[in-house]
Amino acid sequence: MRTATLGPAERAGALARMAERELDVLVIGGGVVGAGTALDAVTRGLSTGLVEARDWASGTSSRSSKLIHGGLRYLEMLDFALVREALKERGLLLERIAPHLVKPVPFLYPLQHKGWERWYAGTGVAMYDAMSISSGHGRGLPAHRHLSRSGALRVAPCLKKDALVGALQYYDAQMDDARYVATIVRTASAYGASVANRARVVGFLREGERVVGARVQDVEAGGEYEVRARQIVNATGVWTDDTQGLINERGQFHVRASKGIHLVVPKDRIHSTTGLILRTEKSVLFVIPWGRHWIVGTTDTDWDLDKAHPAASSADIDYLLEHVNAVLSTPLTRDDVEGVYAGLRPLLAGESDATSKLSREHTVAHPVPGLVVVAGGKYTTYRVMAKDAVDEAVHGLDQRVADCVTEDIPLVGAEGYKALWNARAHIAARTGLHVARIEHLLNRYGSLAEEVLALITDDPSLGAPLAAADDYLRAEVVYACTHEGARHLDDVLTRRTRISIETFDRGTRSAREVAELMAPPLGWDQDQVDREIEHYEKRVEAERESQRQPDDLTADAARLGAPDIVPR
């Protein structure tokens, strides 16, 4: 297996290789499903390419609730197959595929009615645990437990006493969604896939009815490549219909976008040792532990405006604050909100007008020869979606191809992670870093943390934390550019780290320090450094302005006030 390095030279080489010879499979879309599809294809022995128009996970896959979960509420809809499938995947990710990235997280479900609700909700959670264990991959999480009101208030003192009569506590799992996608991409690259972000498909190549390749524009360096492939997989999520439009084919299904927004608040604003799950009239509301912060979300509303930069309106923010404050003894205010982010769920259109009732299951289709489309689904089941997409593509290859093996393929950084975790005190002593820093690195990079530490050995100044975002070391910025495919300031502040939502300044105070660290590995001159900072500041101001607007239409207009691409 090759090294999993995604620097500028590797990106240029990948584009050149894709244009040199016909691939077996070209995947369009660098979100979790596209990345997973590329990994599935290359580990079956297929020559594979992956292109993404912007940055890895820059769409839906960096703006989720950051949960790996079975979908407890789908039990209420009697969708047992979806829950069983998701629980199996949750167990695989926790135990085998990505134990360095996917971690258990507790949730408290407050009960508001005596008697029947404890029986009803308790039956559901017990079934959830039983289905997890029966999958063969669920023994790593604690079982649920019933709590009295006083017991619930001991673990979550933040709750109003009159907001509950008791509670249930159960476990799910969480991850950093953007980091997870970048790690899948690096794993696919390590097995031989050619991968390139900032590479936009602008058209398809056809021979008669058959799709035989794609025209790929290098958004960074300019120029256009013809990439020929025996099968192409369209894994572009909420952009599925747009991509299909390039061949004048909408396909056999339609994808609708549902907007979900999240708020990030400091840890000290909510006094609790557990996450919370609350019912609303439309869906459920999560309060999710996130390092030194909480994530509060989400909403579920139809969205038909700009897909690249969905905007959170003032009404969205007020909705979340109102619902979470209904149970908190000390209410949250706008001043408590550090960060806000909005994402779009790709939902398969159904008969219902309400997006919350559209299907979270996925569909794979072969609308024209040479082109496979995969859409729908949920983050947790990305690997199953990828398997189904490659299975469909294989039908068009007219050759014998190995079965899917990704159930047994750990992501890079997983191998050796547990041994290094056990040795974290020794690593701290060896490197001179605090053990908490070593834990931070291991939980972000797994065994690849040694590569980050090697940067610090070569340049001890990189072992210092960023001045205005001290959760992160300066070395992590450099590593994002040399190993993780970061090309712009926004990539690092928004996705390789989460500084853009974890600081009240939204990353503007860190912008110059980060840009100057990125300049040497990316070959930027001072003019480019200044342009990157200006572009980022305009983006933050446009987002802040959108969050002051009363509705989606005005919020979208305000967000579009910032340029989309950093000028060269």
| query | Quick check: does any side chain N or O of Lys387 sit under 3.5 Å from a backbone N or O of Thr406, one acting as donor and the other as acceptor? | reply | no
| Salt bridge or not for Asp300 and Arg345, using N-O below 4.0 Å? | yes
| query | Under 4.5 Å between any side-chain heavy atoms of Val195 and Trp56, yes or no? | reply | yes
| What is the minimum heavy-atom distance between Val374 and Ala235, and which atoms define it? | CG1-CB, 3.9 Å
| query | Judged by atom type as modelled, is there a donor-acceptor pair below 3.5 Å linking the side chain of Ser447 to the main-chain atoms of Glu415? | reply | yes
| request: Apply salt bridge (charged side-chain N to carboxylate O under 4.0 Å, His left out) to the pair Asp177 and Arg63, showing each step before the final yes or no. | output: CA-CA 8 Å; Asp177 48 7; Arg63 307 177 190 187; over 6 Å; no
| Minimum heavy-atom distance between Arg11 and Ala196, given as atom pair plus value | CG-CB, 4.2 Å
| remark: To the nearest 0.5 Å, atom CZ of Arg437 lies from atom CG of Leu442 at 13.5 Å
| task | Starting at CD of Glu338, measure out to CD1 of Ile499 and round the result to the nearest 0.5 Å. | result | 12.5 Å
| message | Just verifying a value: how many Å separate Thr301 OG1 and Leu344 CG, rounded to the nearest 0.5 Å? | response | 9.0 Å
| query | Do Arg54 and Asp490 sit within salt-bridge range, that is, some charged N less than 4.0 Å from a carboxylate O? | reply | no
| query | With no hydrogens and no angle check, is any side-chain donor or acceptor of Thr298 less than 3.5 Å from a backbone partner on His262? | reply | no
| Any residue meeting salt bridge (Lys or Arg N to Asp or Glu O under 4.0 Å) with Asp176, in chain and number order, not counting sequence neighbours | Arg498
| said: If we check salt bridge (charged side-chain N to carboxylate O under 4.0 Å, His left out) with Arg44, which of these qualifies: Asp24, Asp391, Asp403? | reply: Asp391
| task | Please tell me if the side chains of Thr240 and Pro346 come closer than 4.5 Å, counting only heavy atoms from C-beta onward. | result | no
| Smallest separation among heavy atoms of Val42 and Ala193, with atom names | CG2-N, 3.5 Å
| note | Result for ring pair (Phe, Tyr, Trp, His ring centres under 6.0 Å) between Phe107 and one of Tyr171, Tyr128, Phe286 points to Phe286
| query | Mind checking whether Tyr479 and His483 have parallel, tilted or perpendicular rings, split at 30° and 60°? | reply | parallel
| Does Glu484 offer a backbone N or O that forms a donor-acceptor pair with the side chain of Arg496 under 3.5 Å? | yes
| field | Considering all heavy atoms, the nearest Val181-Ala57 contact | value | CB-CB, 3.7 Å
| task | May I ask you to decide if Val185's main-chain N or O and Ser189's side chain share a donor-acceptor pair within less than 3.5 Å? | result | no
| query | Is there a salt bridge (charged side-chain N to carboxylate O under 4.0 Å, His left out) between Lys307 and Asp241 once you walk through the steps? | reply | CA-CA 12 Å; Lys307 296 186 184 77; Asp241 292 4; over 6 Å; no
| query | Would you say the side-chain atoms of Ser47 pair up with the backbone N or O of Leu23, donor to acceptor, closer than 3.5 Å? | reply | no
| task | Please indicate whether Asp408 has more than 12 foreign heavy atoms, meaning atoms of other residues, nucleotides or ligands, lying under 6.0 Å from its CG. | result | yes
| field | By side-chain hydrogen bond (donor to acceptor under 3.5 Å, both in side chains) - contacts of Glu476 (at least two apart) | value | His440, Arg444, Tyr445
| task | Consider only side-chain N and O atoms of Gln528 and His488, and report whether a donor and an acceptor are under 3.5 Å apart. | result | no
| task | Measure the spacing between CG of Leu347 and CH2 of Trp303 and express it to the nearest 0.5 Å. | result | 15.0 Å
| Reported CG-to-OG1 distance for the pair Leu92 and Thr380, which is rounded to 0.5 angstrom | 12.0 Å
| Does Ser194 reach the main-chain N or O of Met18 with its side chain, forming a donor-acceptor pair under 3.5 Å? | no
| task | List the atom of Ala515, the atom of Leu489, and the distance in Å for their closest heavy-atom pair. | result | N-CD1, 3.9 Å
| said: To the closest 0.5 Å, what do you measure between CG (Leu67) and CD (Gln174)? | reply: 6.5 Å
| Under the 3.5 angstrom rule, does the side chain of Asp306 hit a backbone N or O of His309 as a donor-acceptor pair? | yes
| query | Can you list the steps and then say if Glu543 with Arg559 is a salt bridge (charged side-chain N to carboxylate O under 4.0 Å, His left out)? | reply | CA-CA 5 Å; Glu543 287 185 348; Arg559 177 61 186 86; 3.8 Å; yes
| field | For the student: nearest non-hydrogen atoms of Pro8 and Cys481, plus distance | value | CD-O, 3.8 Å
| field | Lys259 side chain vs Ala311 backbone, donor-acceptor pair below 3.5 Å | value | yes
| message | I'd like to know if the side chain of Arg96 and the backbone of Glu407 have a donor-acceptor N/O pair within less than 3.5 Å. | response | yes
| message | Can you confirm whether more than 12 heavy atoms, excluding those of Glu224, are under 6.0 Å from its CD atom? | response | yes
